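Below is one structure, written out as structure tokens; comments come after it.
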Amino acid sequence: MNLSSSNLTTWLPDLVYTNGRFHSKLALVCDDAAQIVRVDSQAENAIPLNGRALLPGLINAHSHAFQRVIRGRTEYRTANNKDSFWTWREMMYSAAARLTPEDVYDASRMAFLEMALSGITAVGEFHYLHHAPDGSAYDDPNLLAKEVVRAARDVGLRIALLRVAYARSGYETEANPQQLRFIEKDPEAYLKNVEQLGSDLGRGSSPTIREGSPFSQIDGALPHGRASAWDSAMAWTGIAPHSVRAVPLNYLKEIVNVAKQRQLPVHMHVAEQPAEVSACIEEYGRSPVALLETEGLLSERFTGVHLIHVSPKAVRMLADARAMVCACPTTERNLGDGIVPVDGFFKQGVRVALGTDSHVQIDLLEDARELEYHLRLQKMERAVLGSVNDEGQSALAARLFNCATVSGAESINAPGGSLEPGRAADFFTVDLNDPSIAGASPDDLLSSIVFSLSKTAVRDVVVGGKRIVEDGRHAQQEEIVERFKALQKKLWNE
Ligand SMILES: [Zn+2]
């Protein structure tokens, strides 16, 4: 294909983050298929981004968009004994039970708007609301999943709809009526619905065409360089067994096997709470990670979300399988889950992605810095995730930023993550005069951004070559916020 220059769009900021550092006088050149063609000094007819630094879009690998409705409504003591993840979960369930399809759309659009405004360009939505409140199926069993996808499309984000399998309340646990909307009792029904969703989204699997990617042999993936490769990759599916608690082993094996055949991403909550680990040992005589490993369910397409309560041996199992971790520190600190042992994961070469999960905050750079800060508080040291062999003072920041970009893209199989020829034109800019980062030199700018950036410094957000946030505002911002305020009023009788 011969592209004339009229098909190219060129963006010229003061600084571009590529190949691990900021460069000045470089322009980002993209084709009309929203793919980066080159990053170089030729900048004819460029769109100027004066006073701004341009970075690859952040990838949010774990979200439950509807949980945005309970923000600020669970921060008080309810139990005489103690409040915990489990008491919070009951409150979350009571909100989940009341949402109509339109409410799911409005709540999701609010969460995705906030993501866009903070520099996020793709999201992995761990979606488990499937049925009507009484547990009966909608005419379209993917109605609610499609409402979430519609919300992402209307905001302009890419979305991996990680469709959740949820079969039971737990091992030898009575059914919880608050989980009726989640349950698909047999794997056949679940797989049929995933299949249908994939084809309704226009593609049964994920879009990555990165060379060497575990996803590169996907049926229907468009060959490298074809126009529309990226713009048609706005929504795709993945397999998401909720947890070892909610999905029994036979079911789990069957759906992970299909994910293997279809080369789909597999996401699963693993070892978020000690009670989940002890119940797994009681049922199977093995910890969750040991169960997954011995049953051959770990792979480089597998992402375990949280992985907090794990032994060094489990960390090695994940490393040997090239499996990934998705940490969600802002949620984990809010729920009192514990600290993800990222130092152990990094030591073994395990890739770590990040998620905003419950949306108590939507600020993926806060999640990135918390990876390091939680360990500082625990160990009473600084720069825990740094290395004495690091070259340059931004090496630690680069490692954390990588979690929020490259690893996130690998985890959910998104086409962005880095600014290189052949990758998607998904990026954001920050205002170099914002008080939170003003005065940084190119060498310490990444550390300033990772450790100190205020979200208000985000100016432009571009997804698939399309500017969805301009000068810090989204075109539908007022309408999305008004609709969400009305939803909150309705839900909470205010
Ligand atoms: Zn989660």
Side-chain angles (χ1 to χ4, degrees), residues 59-71 74 84-93 95-96 99 104 107-108 111-112 114-115 120 122-130 144-145 148 152 159-167 169-170 176 178-179 181-182 238-247 252 265-277 288-289 292 302-310 323-340 352-364 366-367 370-371 403 407-408 411-412:
I59 314 283
N60 186 2
H62 190 72
S63 155
H64 308 282
F66 82 85
Q67 291 181 12
R68 176 63 182 81
V69 302
I70 61 167
R71 181 185 291 180
T74 63
S84 67
F85 168 85
W86 306 103
T87 53
W88 169 86
R89 195 183 70 159
E90 286 306 309
M91 293 200 248
M92 181 269 284
Y93 282 175
L99 299 172
V104 169
S108 301
F112 297 150
E114 195 179 352
M115 288 182 203
I120 289 168
V123 58
E125 176 67 18
F126 198 94
H127 176 79
Y128 56 84
L129 278 183
H130 302 313
L144 297 180
V148 177
I159 182 167
L161 199 291
L162 306 166
R163 198 182 184 288
V164 171
Y166 206 112
S169 205
N176 179 341
Q178 302 235 69
Q179 294 166 342
R181 302 192 81 171
F182 323 157
I239 300 277
H242 182 276
S243 54
V244 291
R245 171 181 61 73
V247 184
L252 181 60
V266 178
H267 277 226
M268 183 175 188
H269 293 129
V270 185
E272 178 175 9
Q273 285 286 323
E276 175 206 324
V277 177
V289 174
L292 294 166
F302 183 94
T303 297
V305 181
H306 303 301
L307 282 162
I308 293 168
H309 305 283
V310 290
M324 297 190 68
V325 174
C326 180
C328 308
T330 52
T331 291
E332 289 150 0
R333 71 179 176 186
N334 182 266
L335 298 181
D337 286 339
I339 295 170
V340 180
V352 177
L354 294 169
T356 60
D357 196 0
S358 69
H359 307 311
V360 62
Q361 281 175 276
I362 295 178
D363 184 350
L364 210 63
E366 175 71 1
D367 286 285
E370 284 306 310
L371 282 185
C403 295
S407 295
S411 171
I412 66 165

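Values in this document were obtained by computation on a predicted structure and should not be read as measured data. For ligands, and for the atoms within them, numbers begin at 1 and follow the listed sequence.
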What verdict does the side-chain contact (heavy atoms from CB on, under 4.5 Å) test give for L307 and V289, after you've listed the backbone C-alpha separation in whole Å, the side-chain angles of each residue and the deciding distance to 0.1 Å? CA-CA 9 Å; L307 282 162; V289 174; 3.6 Å; yes
Between H267 and H62, does the ring centroid distance fall short of 6.0 Å? no
So that I can tick it off, tell me whether R71 and E114 are bridged by a salt bridge, with the cut-off set at under 4.0 angstrom between side-chain N and carboxylate O. yes
Can you tell me which N/O/S atom of D357 has the shortest distance to the Zn ion (ligand 1)? OD1
Classify the side-chain pair Q179/S169 by whether it contains a donor and acceptor separated by less than 3.5 Å. yes
For the Zn ion (ligand 1): the N/O/S atom of H64 at shortest distance: NE2
Check all N, O or S atoms of H269 and name the one closest to the Zn ion (ligand 1). NE2
H62, N/O/S atom nearest the Zn ion (ligand 1): NE2
